[in-house]
Amino acid sequence: MRSLSSLLEEKYTINFLSVGDADAIVIGYQEDKESPLRIALIDAGNEGDAKTIKDFIWNKYKTRRVDLAVCTHPDRDHKGGFFELMEDPDMEFGEFWCADPYSVLEDDDYEENMTEDDRLATCRIIYNHPTDSTKNLIDIAEKKCTNCFHVEEGDESEIMPIRVIGPSQSYYHSAAINLLNEFVELPVEADMGEYEDAAEVPDDENNSRINDTKDESNTNKCSLILLFTPNSSSRYLLCGDAAASSLQELVDSYGTEVKGCRLKVPHHGSIKNLTTRIIDELTPIASIISCAGNRHHPNGSIVEYLRKYGNVYTTSFNHNYGVTNMLTGTRVKPFREKKVKKTDY
C-alpha cells in the first residue's frame with residue numbers, strides 16, 4: 001500500500017476542453033516529484049479543433065508532446081482533430097489507442113471470399129477522415145506515434161493510471177460487426193436553439209423522458225470507456241459516447257469500483273445514452289458534460305437527474321472545465337442556465 005506522503009506528492013490535472021458538441025480531454029499526470037509529467041489526450045474534437053488543443057497543451061504544460069492519445073470511437077466529433085494534430089510537425093506522440101474491428105473480427109464475420117487486404121480496408125474505413133477519404137487515422141497514427149494499439153476491456157497504460165473498462169469484448173465484437181455492415185458517417189448535429197431547463201418538470205415526466213428512447217448508433221456502442229484513477233480517492237469515468245446498453249453492462253460488472261465517480265457524461269448530455277437506473281447506480285459526485293449548450297445538448301432532464309447526486313458542469317458554461325490536485329486551478333460554477341419556456345423534445 002502506498003503511503004499518505006506518496007499520495008500527496010501526486011499531481012494531476014484533467015481538463016474538458018470547450019469544443020462545442022465534441023470531446024477533447026487533456027490529462028496531465030505526474031506520479032511523484034522524480035517522475036516526468038505525462039500528457040494524455042482523450043479524443044480530439046472535430047476538424048478545426050486541433051489548434052485549440054495544441055494551444056491549450058502548450059499554454060498549460062509547455063510541451064508539444066502527447067504521451068497517450070485515445071480515440072474512443074470513430075465519430076467525426078471525436079476523431080476529427082487528430083488528423084491535423086498528427087500531421088503537425090511540431091507535435092510529438094507516444095502511444096495511440098483505439099478500438100479496431102480488424103483486431104477482433106473472425107473469419108465467419110466477413111463476407112465469403114474477401115481477401116485479407118479487403119478485410120483490412122473494410123475495417124479501417126471507419127477511421128477515414130470525415131471529408132477526405134484518402135486519409136486514414138490509423139494509417140497516420142502508425143507512422144506518427146511510437147506505438148499504435150487496439151485496446152479492449154482490461155488494458156491499461158504503463159505510464160499513467162488509465163484503464164479500459166468497457167465495452168466488454170463480446171459486446172464490442174457484436175457491435176463491430178453491425179458497425180461494418182451499416183457504417184455511415186453521421187452529419188454534425190444542427191444547433192437546436194437555447195438550452196431548456198427541466199427543473200420545474202415533474203419528476204415522473206423527467207424520468208419517463210430519460211428512460212424512453214435509447215441510442216442505437218453502432219459507432220457509439222463501440223465507444224471505449226476509460227477509468228482514470230490518479231489516487232485512491234479520485235476516480236474519473238470517461239464514457240465517450242457509450243450507449244446505455246454498454247453502460248448498464250459496465251455498472252453491472254464493476255459495481256462499487258465506478259460508484260461515486262466523477263462522470264464524463266456520454267454523448268454531450270444526450271437523453272439517449274443514460275437511464276435513471278444507470279445514474280442511480282453510478283451516483284456520480286460530479287458530472288461533466290462536453291457540449292455546445294443548446295436545446296439538444298445537454299438534455300435538461302438528464303442535467304436535472306444528475307443533480308440529485310452532485311454538481312453538473314458543462315464546457316459551454318464552464319470554459320475548459322478542469323479538476324486539479326496540488327496545482328492551481330480555476331474556480332468554476334455548477335451549470336445552471338436561465339429558465340426558458342418548456343416545450344416537448
Listing, residues 253-263 side-chain donor-acceptor contacts under 3.5 Å, not counting sequence neighbours, or none:
| from | atom 1 | to | atom 2 | distance (Å) |
| --- | --- | --- | --- | --- |
| S253 | OG | E249 | O | 3.0 |
| Y254 | OH | E153 | OE2 | 2.7 |
| E257 | OE2 | R163 | NH2 | 2.1 |

SB check [X] [Y] (cutoff 4.0 Å):
X    : Y   : answer
D90  : K54 : yes
D32  : K11 : no
K79  : D43 : no
K144 : E87 : no

State whether the side chain of [X] and the backbone N or O of [Y] hold a donor-acceptor pair below 3.5 Å, judged by distance alone.
X    : Y    : value
N136 : I138 : yes
N59  : F56  : no
T219 : D75  : no
D241 : H267 : yes
D21  : A292 : yes

Please tell me whether [X] and [Y] have a donor and an acceptor in their side chains that are separated by less than 3.5 angstrom.
X    : Y    : result
N231 : S233 : yes
Y309 : D280 : yes
T146 : E95  : no
D118 : T115 : yes

Let me confirm one number: the [atom1]-[atom2] distance from [X] to [Y], rounded to the nearest 0.5 Å.
X    : Y    : atom1 : atom2 : value
S270 : I302 : OG    : CD1   : 7.5 Å
I288 : N311 : CD1   : CG    : 10.5 Å
S217 : N178 : OG    : CG    : 11.0 Å
I159 : L68  : CD1   : CG    : 5.5 Å
T315 : N15  : OG1   : CG    : 11.5 Å
L224 : C239 : CG    : SG    : 11.5 Å

For the student: nearest non-hydrogen atoms of [X] and [Y], plus distance:
X    : Y    : answer
S301 : I271 : CB-CD1, 4.4 Å
G48  : E84  : N-OE1, 4.4 Å
I27  : Y61  : C-OH, 4.2 Å
A50  : G81  : CB-O, 3.8 Å
N273 : A243 : ND2-CA, 4.0 Å
L247 : A242 : CD1-O, 3.8 Å

Side chain to side chain contact (heavy atoms under 4.5 Å, CB included) between W97 and S157, intermediate numbers included: CA-CA 10 Å; W97 288 6; S157 171; 3.9 Å; yes
Listed once per pair and sorted, the ring-ring contact (aromatic ring centres under 6.0 Å, His included) pairs that draw on residues 63-90, sequence neighbours left out: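 Sorted result for residues 63-90: H73-H78, H78-H268, F82-F96, F83-H129.
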All pairs passing ring-ring contact (aromatic ring centres under 6.0 Å, His included) where residues 147-182 contributes a residue, at least two apart: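 For residues 147-182: none.
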Taking atom [atom1] as the centre, does [X] end up with more than 12 heavy-atom neighbours from other residues, nucleotides or ligands that are less than 6.0 angstrom away?
X    : atom1 : answer
D108 : CG    : no
K51  : NZ    : no
K143 : NZ    : no

Set of side chain to side chain contact (heavy atoms under 4.5 Å, CB included) partners for [X], sequence neighbours left out:
X    : value
D252 : Q248, R277, E281
E116 : Y102, R119
S133 : N128

Test item: [X] and [Y] side chains (from C-beta on) under 4.5 Å apart, heavy atoms:
X    : Y    : value
D23  : K264 : yes
V164 : L226 : yes
C98  : V151 : no
S35  : Y29  : no
R64  : I57  : no
P167 : L250 : no
I14  : V26  : no
I162 : L238 : no

Derivation and outcome, side chain to side chain contact (heavy atoms under 4.5 Å, CB included), residues V104 and E152: CA-CA 10 Å; V104 301; E152 54 194 29; 3.9 Å; yes
Mutual orientation of the aromatic rings belonging to Y12 and Y236 [parallel < 30°, tilted 30-60°, perpendicular > 60°]: perpendicular
Pair C145-M86, side chain to side chain contact (heavy atoms under 4.5 Å, CB included): steps then yes or no: CA-CA 8 Å; C145 303; M86 290 193 177; 3.7 Å; yes
Hydrophobic cluster identity match, W58 and I25, side-chain contacts under 4.5 Å: no
Transitive ILVMFWY side-chain link Y313 to I285, under 4.5 Å: no
Pair L41-L85, side chain to side chain contact (heavy atoms under 4.5 Å, CB included): steps then yes or no: CA-CA 11 Å; L41 173 62; L85 285 171; 3.8 Å; yes
